[in-house]
*Asks:* 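Below you will find the structure I want to go over with you.
Every value quoted in this text rests on a predicted model; they were computed, and no experiment measured them. In this chain, numbering begins with 1 at the start of the sequence shown.
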Amino acid sequence: MLAEAIKRPYDNFTVLRLALSIAVVVSHAFSVGTGRHTDEPLYALTGYTLGEHGVNGFFAVSGFLVAMSWDRRGGALPFAAARLLRVFPGLIVAVLVTALAIGAALTTLPARAYLADARVWQMIWVTLTTFKSATVLPGVFEGNPLRWPISTVWTLRYELLCYAGLLTYGVLGGFKKPWLALAGAGAAALALVVLGALGPIPKGQETALRLPLIFACGSLAYLYRARVPLNPAIVALWLALLPLVMLVFAPLYKPLLFVGTAYLCLFIALSPGLSHPRFEPPGDISYGVYLYGWPVQQALQALYPAQSGWLMLGPALVITGVLATLSWLWVEKPALRWKTRFMAAR
């Protein structure tokens with residue numbers, strides 16, 4: 001059972017998050033060169049790109065771990081401080097590096113004119129306050145199929161909304177009534193089924209249902225941890241049912257995919273047969289990989305436009321890994337120490 005698995009001294013959450021973040025970078029190797037995410041083969045097969053599946057996995061893992069965080073900290077202020085210190089320090093530095101280092105190095109404008117341009121500072125402000133990814137920098141990535149300098153930040157809007165929802169749920173005593181969360185997740189899944197039966201769901205509407213639902217599935221797994229088994233037969237049954245459901249009753253496919261994705265991630269992270277200390281990376285660079293992957297790929301596309309995203313994937317992963325490691329050592333890990341000090345002071 002999940003309740004027993006989380007008591008073990010090690011798990012695969014760190015390496016799983018790293019794999020999910022790398023999946024997002026690999027997925028972007030298609031769209032960075034063509035501007036079309038639909039070029040990815042997995043999109044035609046499953047309806048989602050590898051990057052979207054990676055984001056789905058992130059939200060499932062986040063839902064589980066954040067619910068555990070609330071349960072162990074037991075207070076709105078410690079919970080909020082922990083979440084904000086995990087998200088914003090790395091994000092702020094990544095946006096500044098993208099705008100003031102990568103952008104300044106690649107802009108077609110003179111350096112002084114670039115730094116004096118209001119659009120640079122507007123991009124920084126808008127990205128940090130609204131998490132809008134479709135922003136541009138003056139004279140930067142003008143020849144690229146997509147000009148966006150840091151496109152993955154849009155998911156953080158939904159991540160923070162999910163945090164706020166879980167915080168509200170915890171403050172209102174919802175952890176003692178997990179059936180309320182189960183009912184809410186069931187309503188979201190039903191909405192996806194009904195809307196899917198009526199016709200294609202608009203992308204924005206589908207995303208607004210998809211990500212909170214997957215986050216809720218992860219949280220529910222923690223709330224019902226004493227009743228959720230880690231069984232490979234469940235994974236096998238889910239994989240066998242997915243293509244059958246697509247053929248027989250397609251509207252049920254998406255909820256089944258999302259719930260199964262959450263279960264698969266937790267199975268990989270916590271199954272005793274899969275987790276081992278030697279699999280654990282020395283640091284959690286997944287967030288940095290997620291943030292820096294796109295700016296690095298965009299920079300390489302601008303410098304070597306004749307090369308495909310796939311040919312530049314290797315260098316992109318190496319450079320992104322270096323930046324992500326520096327982000328972990330110099331920004332994120334020190335921020336987590338501040339979180340520890342804050343808890344100790346309280």
Side-chain angles (χ1 to χ4, degrees), residues 21 24 28 51-52 55 58-59 62-63 66 69 76-107 109 113-141 144 146-168 171 202-212 215 286-299 320 323-324 326-328 330-332 334-336 338-339 342:
S21 63
V24 173
H28 286 161
E52 288 174 318
V55 169
F58 266 123
F59 272 75
S62 180
V66 172
S69 174
L77 188 58
F79 175 85
R83 296 303 98 217
L84 294 177
L85 285 171
R86 188 65 186 99
V87 171
F88 277 99
L91 173 64
I92 291 170
V93 173
V95 172
L96 292 176
V97 168
T98 300
L100 302 182
I102 297 176
L106 297 179
T107 183
L109 301 178
Y114 175 81
L115 294 175
D117 196 309
R119 290 173 291 178
V120 174
W121 306 101
Q122 182 182 21
M123 174 268 177
I124 295 172
W125 175 254
V126 168
T127 304
L128 293 177
T129 56
T130 68
F131 309 105
K132 183 180 179 181
S133 58
T135 57
V136 296
L137 290 167
V140 180
F141 305 145
N144 289 12
L146 298 171
R147 288 194 59 193
W148 310 333
I150 182 165
S151 74
T152 52
V153 295
W154 68 270
T155 62
L156 297 179
R157 180 190 310 120
Y158 291 98
E159 185 82 7
L160 290 174
L161 286 173
C162 288
Y163 292 167
L166 186 65
L167 187 152
T168 303
V171 168
K203 189 66 175 180
Q205 188 177 17
E206 188 260 8
T207 301
L209 287 170
R210 168 170 62 100
L211 297 182
F215 184 93
S286 59
Y287 188 42
V289 170
Y290 184 76
L291 289 175
Y292 286 101
W294 179 265
V296 169
Q297 288 175 296
Q298 282 284 73
T320 298
L323 292 174
L326 294 177
S327 175
W328 169 252
W330 294 351
V331 181
E332 299 166 55
L336 294 179
W338 279 105
K339 179 182 73 174
F342 175 79

*Asks:* Got a sec, which residues hit side chain to side chain contact (heavy atoms under 4.5 Å, CB included) with T168, two or more places apart in sequence or on another chain?
*Replies:*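 Residues passing side chain to side chain contact (heavy atoms under 4.5 Å, CB included) with T168: L172.
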*Asks:* Under the 6.0 Å and 45° cation-pi test, does R83 pair with Y163?
*Replies:* yes
*Asks:* What residues form a side chain to side chain donor-acceptor pair (under 3.5 Å) with Q298, not counting sequence neighbours?
*Replies:* N144
*Asks:* If you take all heavy atoms of A80 and L167, which pair is closest and at what distance?
*Replies:* CB-CD1, 4.1 Å
*Asks:* Could you measure the distance from the CG atom of L100 to the CG atom of L115? Nearest 0.5 Å is fine.
*Replies:* 6.5 Å
*Asks:* Which distance, rounded to the nearest 0.5 Å, do you find between the CG of L137 and the OG1 of T135?
*Replies:*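 One gets 6.5 Å once the value is rounded to the nearest 0.5 Å.
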*Asks:* So, E332 and R86, do they make that salt bridge, N to O below 4.0 Å?
*Replies:* yes
*Asks:* On a heavy-atom basis, which atom in L84 and which in P89 lie closest, and how many Å separate them?
*Replies:*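 Closest heavy-atom pair between L84 and P89: O-CD, 3.5 Å.
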*Asks:* Would you say that V93 contacts W330 through its side chain, given a criterion of any heavy-atom pair below 4.5 Å between the two side chains?
*Replies:* no
*Asks:* Tell me if the CH2 atom of W328 is crowded by more than 12 foreign heavy atoms within 6.0 Å.
*Replies:* yes
*Asks:* Do W294 side-chain atoms and V24 backbone N/O form a donor-acceptor pair below 3.5 Å?
*Replies:*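 Side chain of W294 to backbone of V24, a donor-acceptor pair under 3.5 Å: no, none is there.
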*Asks:* Between P138 and M123, is there a side-chain heavy-atom distance shorter than 4.5 Å?
*Replies:*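 Result no, sub-4.5 Å side-chain heavy-atom pair not found.
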*Asks:* Would you compute the distance between atom CG of L156 and atom CG of L291 and round it to the nearest 0.5 angstrom?
*Replies:* 6.5 Å
*Asks:* Mind checking whether F131 and W154 have side chains closer than 4.5 Å, heavy atoms only?
*Replies:* no
*Asks:* Going by the rule side chain to side chain donor-acceptor pair (under 3.5 Å), which residues pair with T107 if we only count those two or more places apart in sequence or in a different chain?
*Replies:* none
*Asks:* What pairs meet the side chain to side chain donor-acceptor pair (under 3.5 Å) rule with one or both residues in residues 115-129, with sequence neighbours excluded?
*Replies:* D117-R119
*Asks:* Under 4.5 Å between any side-chain heavy atoms of V140 and Y114, yes or no?
*Replies:* yes
*Asks:* Taking atom OH of Y292 and atom OG of S327, what is their separation to the nearest 0.5 Å?
*Replies:* 4.5 Å
*Asks:* Taking the side chain as every heavy atom from C-beta outward, state whether F141 and L106 have any atom pair closer than 4.5 Å.
*Replies:* yes
*Asks:* In chain order, what residues pass the side chain to side chain contact (heavy atoms under 4.5 Å, CB included) check against I92, with sequence neighbours excluded?
*Replies:* F88, L96, L128
*Asks:* Which atom pair, heavy atoms only, marks the closest approach of S151 to S133?
*Replies:* O-CB, 3.0 Å
*Asks:* Taking side chain to side chain contact (heavy atoms under 4.5 Å, CB included) as the test, write out the residues that go with S21, two or more places apart.
*Replies:*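 Partners of S21 under the side chain to side chain contact (heavy atoms under 4.5 Å, CB included) test: L18, F58, S286, V289, Y290.
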*Asks:* A side-chain contact here means heavy atoms from C-beta on lying under 4.5 Å apart; do P295 and P149 qualify?
*Replies:* no
